[in-house]
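Accompanying notes for the structure given below.
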Amino acid sequence: MSTPYPFTALVGQDDLRLALLLNAVSPAVGGVLVRGEKGTAKSTAVRALSALLPEVPVVAGCRFSCDPAAADPDCPDGPHESAGATARPARMVELPVGASEDRLVGALDIERALAEGVKAFEPGLLADAHRGILYVDEVNLLHDHLVDLLLDAAAMGASYVEREGVSVRHAARFLLVGTMNPEEGELRPQLLDRFGLTVEVAASRETDQRVEVVRRRLAYDDDPEGFAGRWSEDESALRDRVVAARALLPQVVLGDAALRQIAATCAAFEVDGMRADIVMARTATALAAWAGRTDVLSEDVRQAALLALPHRRRRNPFDAPGLDEDKLDETLEDAREDEEPEPPEGDDDPDGGGGPDGDGPDGGGGQPPADGPDSPELPSQNQGQDTRDTPDTDDAPAPEEPAPTAGAPSGPGEQQAVRAAEPFRTKMLSVPGIGEGAAGRRSRARTEHGRTTGSRRPRGALTKLHLAATVQAAAPHQKARGRSGAGLVVRRDDLRQATREGREGNLVLFVVDASGSMAARQRMSAVKGAVLSLLLDAYQRRDKVGLVTFRGAEAEVALPPTSSVDAAAARLEKLPTGGRTPLAAGLLKAHDVLRVERLRDAARRPLVVVVTDGRATGGVEPVARAGRAARLFAADGVASVVVDCESGYVRLGLAGQLAGELGGTVVTLDELRADSIAGLVKDVQGMNSPSRRAA
């Protein structure tokens, strides 16, 4: 086993280290979600945490890590009355994004269960992570069926494995830690809420700090054991501090004043449900224990809000996570004023003891005594805020001219980007036929989950038994196999895998005309609003999205296929317009994107949405070239729809001609609103029927 990077050797990332340490002090906080760009030590910090956790007492020989003081009565390895006890280091179990269901929850030998009546169970990762850490790197890319299993285990503290009436249950209480890059897609709200705390991380922009990061990393890579040895004393001190904070935690008192502040804060930020209040309370208590105190201060509540609320206050997928700290301070102050009685006359200290140990602005806020320059401490109250001196209004210099933005015009004939109109709810667009892509919520597909439609011989390990088909296959051979009792003699060749039909996610590729003919502000705003609405629908249906734009003399891939609809919405918002209409270039670029994506993910079926008025200008024979490019999509059987943005009394119908060349359908921009989408769905499915695609 390789030597992990020392936790105390991490440079910066105070919020990340704090959130992880608070969960080490109080696992009831509920885990951490670490969001940030690649290369910011997310995984390094998580892997380093396990070395700081105290040893775990377990029942000797138990594969499910039962606690000797309170053994699980339903443990598959039980009963444990006469078993001895031992101690082992806390585990950190990694869940790969591409893991199978059996690898996560465990595998049950169905053949032995049917033929011999025994429960032969091989524990999975949930059993290994019990009373430890379950770490999911790139958690936002985890398949939906694995997310569902994680949600069930996190909610119930147990894992259930059931196969055709044969079931196994074992305890599964773990600290869930996930890391993700938001550019690659967001988490389902249900799983997002299961993380107690969230932290945004980014690489430091300070030269000295970046230099120190590189220096330490190179030293670690050259000699991991020697580097870890140089930090062993700091690691030991921090481990002792975690143990001391755990011991102090039951003595921490969460007073009514702090509870009122927690409730007022959650109400002010309109978070859903009561989980936020509970997590804030546990976090504030852990903050006090980490600081070596037995009382929770207002600053503990403030820090708890900064860690527990940002990912819970999002109202829709395109809202950036975060918290208005001015509003937070105002809410905490109002709650404190409601609680505090009026001071008696002549009281020289109306704040009631606002010194270093009081519940006032200088009360420490969970700031522990300094343990050395490299000891991770609680961030100060003003961390993350701009603490530079603000000049007086009278002396402030005149504001400078704003710098050009990404949406500002940058060339002749180009117009500044306009805001998208208000998005609206759309009906479902789907690709015809039955696919075999990644699980999602859009088009019909053969999946591991869904309604049973038939059976087949298993390819590899059996995952979903079709009982009736298995019995039917085994029944004719019972006499030849010498059956003499009531039991059915089943062999491996008799087993049948259930085939199921569910829904898949698709690749929705937007091809948007940003030329001068689309530059009318009202029209472009409506176009962006329609595309934004479809992006929101793609988020909810777990699709990948891509964005190709064309204007001037060329087309560009504004966003390669990704699971991050937030990134697509941001690119769309900044899209400027102007210039000629290279329609053929846009279609050819989109075709090339699909070709490359087909090599990466052949099972994911595409849906192309072309947003244009159908005009083609620039170059030699622009209309003919656009027609030839469109026929490439029809030849490949790609489902497509053209959104006709032509306006005015005189309509040329060019978008309809383009739709015919694509083998798709056309809908006007006005028809995209509200109930008109329903007709669009029928047309897409009708125009791209299996018979037409085959032709």
Side-chain angles (χ1 to χ4, degrees), residues 4-27 29-53 90 92-97 129 132-142 146-147 150 154 174-204 209 213 217 242 276 279-280 282-283 286-287 290 303-314 320-323 376 378-379 383-384 563-564 566-567:
Y5 192 91
F7 191 89
T8 50
L10 295 170
V11 179
Q13 307 293 16
D14 292 338
D15 285 345
L16 171 58
R17 293 189 295 162
L18 173 63
L20 292 172
L21 287 170
L22 291 178
N23 275 275
V25 171
S26 176
V29 166
V32 186
L33 174 64
V34 187
R35 298 165 46 96
E37 58 196 23
K38 52 187 177 293
T40 49
K42 302 187 296 293
S43 300
T44 300
V46 175
R47 293 187 176 100
L49 176 68
S50 59
L52 301 177
L53 299 180
M92 192 199 73
V93 178
E94 294 195 39
L95 171 61
V97 170
I133 301 173
L134 181 62
Y135 171 49
V136 188
D137 193 16
E138 305 295 351
V139 63
N140 50 325
L141 303 182
L142 201 63
L146 297 182
V147 170
L150 273 182
F174 47 82
L175 175 62
L176 182 61
V177 180
T179 58
M180 60 174 283
N181 183 349
E183 293 181 356
E184 297 173 345
E186 287 292 343
L187 276 179
R188 286 171 54 183
Q190 297 92 330
L191 182 57
L192 189 64
D193 190 52
R194 285 292 172 187
F195 288 96
L197 310 179
T198 186
V199 177
E200 295 280 341
V201 296
S204 173
Q209 197 169 76
V213 170
R217 185 69 208 192
V242 169
V279 171
M280 272 190 66
R282 289 171 174 166
T283 305
L287 282 162
W290 179 247
Q303 185 64 58
L306 293 175
L307 294 172
L309 296 189
H311 61 302
R312 292 187 166 91
R313 62 155 294 277
R314 302 182 68 180
L323 217 59
L378 290 182
Q383 180 169 344
S563 297
S564 176
D566 285 352

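Here the closest non-hydrogen pair linking Ala305 and Leu323 is O-CD2, 3.4 Å. Across Ala90 and Leu53, no two heavy atoms sit closer than the pair CB-CB, 3.7 Å. Among all heavy-atom pairs drawn from Gly12 and Gln209, the shortest one is CA-NE2, 4.0 Å. Between Ser26 and Ala286, the shortest heavy-atom distance links the atoms CB-CB, 4.0 Å. In terms of heavy-atom proximity, Ala41 sits nearest to Leu16 at O-CD2, 4.2 Å. Here the shortest heavy-atom pairing between Gln13 and Thr40 reads NE2-O, 3.2 Å.
In this structure, the side chains of Leu287 and Leu22 come closer than 4.5 Å at one or more pairs of heavy atoms. Side-chain atoms of Leu18 and Leu307, non-hydrogen and from C-beta on, do get closer than 4.5 Å to each other. With contacts defined as side-chain heavy-atom distances shorter than 4.5 Å, the pair Phe195/Leu197 does not qualify. Residues Val136 and Val177 are not in side-chain contact: their nearest non-hydrogen atoms beyond the backbone lie 4.5 Å or more apart. Here the side chains of Leu175 and Leu134 are not in contact, with every heavy-atom distance at 4.5 Å or above. In this structure, Leu142 and Leu150 have side chains that are in contact, with non-hydrogen atoms separated by less than 4.5 Å. The side-chain heavy atoms of Phe7 and Leu20, taken from C-beta on, include a pair separated by under 4.5 Å. Looking at Leu52 and Leu21, their side chains come closer than 4.5 Å, going by heavy atoms from C-beta outward.
Taking NZ of Lys42 as the reference point, atom CD of Glu138 lies at 7.0 Å (rounded to 0.5 Å). Rounding to the nearest 0.5 Å gives a distance of 10.5 Å between CE of Met180 and OG of Ser563.
Remark: the backbone N or O of Gly196 is not paired with any side-chain donor or acceptor of Arg282 at under 3.5 angstrom. Looking at Arg35, its side chain never comes within 3.5 Å of a backbone N or O of Thr179 through a donor-acceptor pair. Asp15 places no side-chain N or O within 3.5 Å of a backbone atom of Val199 that could act as its donor or acceptor partner. No donor-acceptor pair closer than 3.5 Å links the side chain of Gln303 to the backbone N or O of Thr283. Here the side chain of Thr198 pairs a donor or acceptor atom with the backbone of Leu33 at under 3.5 angstrom.
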Practice problem: Applying side chain to side chain donor-acceptor pair (under 3.5 Å), run through Ser50 and Tyr135 and close with a yes or a no. | Solution: CA-CA 11 Å; Ser50 59; Tyr135 171 49; over 6 Å; no
Exercise. Carefully, step by step, assess Val32 and Val34 under the rule side-chain contact (heavy atoms from CB on, under 4.5 Å).
Key: CA-CA 6 Å; Val32 186; Val34 187; 3.9 Å; yes
